[in-house]
Amino acid sequence: DILGPFTGFTLSLDGATRESHDDIRGAGSFDTVMKAAAACSAFGKRFTFQMVVHARNEHEVEDLGFLAARMGANKVCFGAAQPTGTFLDKTMFLSPRRLEHIVARLAQLDEAISIPVEVGLGFPSARRFATCEAWRSEQMHVDIRGRLSMCCMHSGVPTAGVGDEEEPDVCGDLAEVSLP
């Protein structure tokens, strides 16, 4: 099995269309994600689409949910963009009021599609103590460079004073070491 012993995969999509996703992630990346979803389906592996919601893509949350359901995803997850301390914060920031509005939209989406809609950490919530799947040891995060890290929300976020040193959240480079 080309996809190995894993039971499922979470695939990041930053938009429901090639244009919007590629505008954020780079040309050709939407097609790569779609091929990965098709491979999961072909090999009987569960997959989830995950979108980090910010000001540049908030208008597409419903479209992404419908795309995930059509493609056969087992669920669709949405996380709120977190501050990075970079210039990107100015173009991606969502106010608490807008985040609350998105939570309400996601609740409606959950009623409208056949797969679960998961509202991740970072959105306003009544839960006092919540942990994500990575911290519950239910999933691992591999970034776009093949590096294993503990947190998908802050993977690759610049750290002041680090410069060219290895990023502190990287556990291992899968191009250099095997996952086990």
**Candidates T17, I113, V76, L13 - the one meeting side chain to side chain contact (heavy atoms under 4.5 Å, CB included) with L67** = L13
**Prompt:** Could you state the interatomic distance from CD (Q108) to CD (E111), rounded to the nearest 0.5 Å?
**Reply:** 9.0 Å
**Asked** Can you check whether S29's main-chain N or O pairs, donor with acceptor, with D22's side chain at less than 3.5 Å?
**Response** yes
**Request:** Using a cut-off of 6.0 Å, state whether more than 12 heavy atoms not belonging to H101 lie near its atom NE2.
**Result:** no
**Asked** Between atom CZ of R18 and atom CG of D23, what is the distance when rounded to the nearest 0.5 Å?
**Response** 14.0 Å
**Message:** Testing the basics here: between E60 and S20, what is the closest heavy-atom pair and its distance to 0.1 Å?
**Reply:** OE1-OG, 2.9 Å
**Request:** List the steps, then state whether side chain to side chain contact (heavy atoms under 4.5 Å, CB included) holds for L64 with F78.
**Result:** CA-CA 10 Å; L64 186 73; F78 296 91; 3.9 Å; yes
**Fill in**
What one should report as the nearest heavy-atom pair of L106 and V117 is O-CG1, 3.9 Å
**Request:** Flag the pair F66 / L109 as yes when at least one side-chain heavy-atom distance between them is below 4.5 Å, and no otherwise.
**Result:** yes
**Request:** Verify, without hydrogens or angle tests, whether Q50 (side chain) and S12 (backbone) share a donor-acceptor contact under 3.5 angstrom.
**Result:** no
**Asked** Are N74 and T48 close enough that a side-chain donor and a side-chain acceptor fall under 3.5 Å?
**Response** yes
**Message:** Measuring only between side-chain heavy atoms, which start at C-beta, is M71 closer than 4.5 Å to F49?
**Reply:** yes
**Message:** For a 4.5 angstrom cut-off between non-hydrogen side-chain atoms, does C40 reach R46?
**Reply:** no
**Request:** Please report the closest heavy-atom contact between A55 and F93, naming both atoms and the distance.
**Result:** CB-O, 3.8 Å
**Message:** For a quick test of reading the model, state the closest non-hydrogen atom pair linking D14 to H21 and the distance between them.
**Reply:** N-ND1, 2.8 Å
**Prompt:** What distance separates E58 CD from L94 CG, expressed to the nearest 0.5 Å?
**Reply:** 5.0 Å
**Message:** For residues L99 and V61: do they belong to one hydrophobic cluster (side chain heavy atoms under 4.5 Å, members Ile, Leu, Val, Met, Phe, Trp, Tyr)?
**Reply:** yes
**Request:** Of all the heavy-atom pairs spanning H54 and M92, show the shortest one and how long it is.
**Result:** CB-O, 3.3 Å
**Fill in**
Here the pair of heavy atoms bringing F30 nearest to G15 is CE1-O, 4.0 Å
**Prompt:** With the 4.5 Å side-chain cut-off for hydrophobic clustering, are I24 and V33 part of the same group?
**Reply:** no
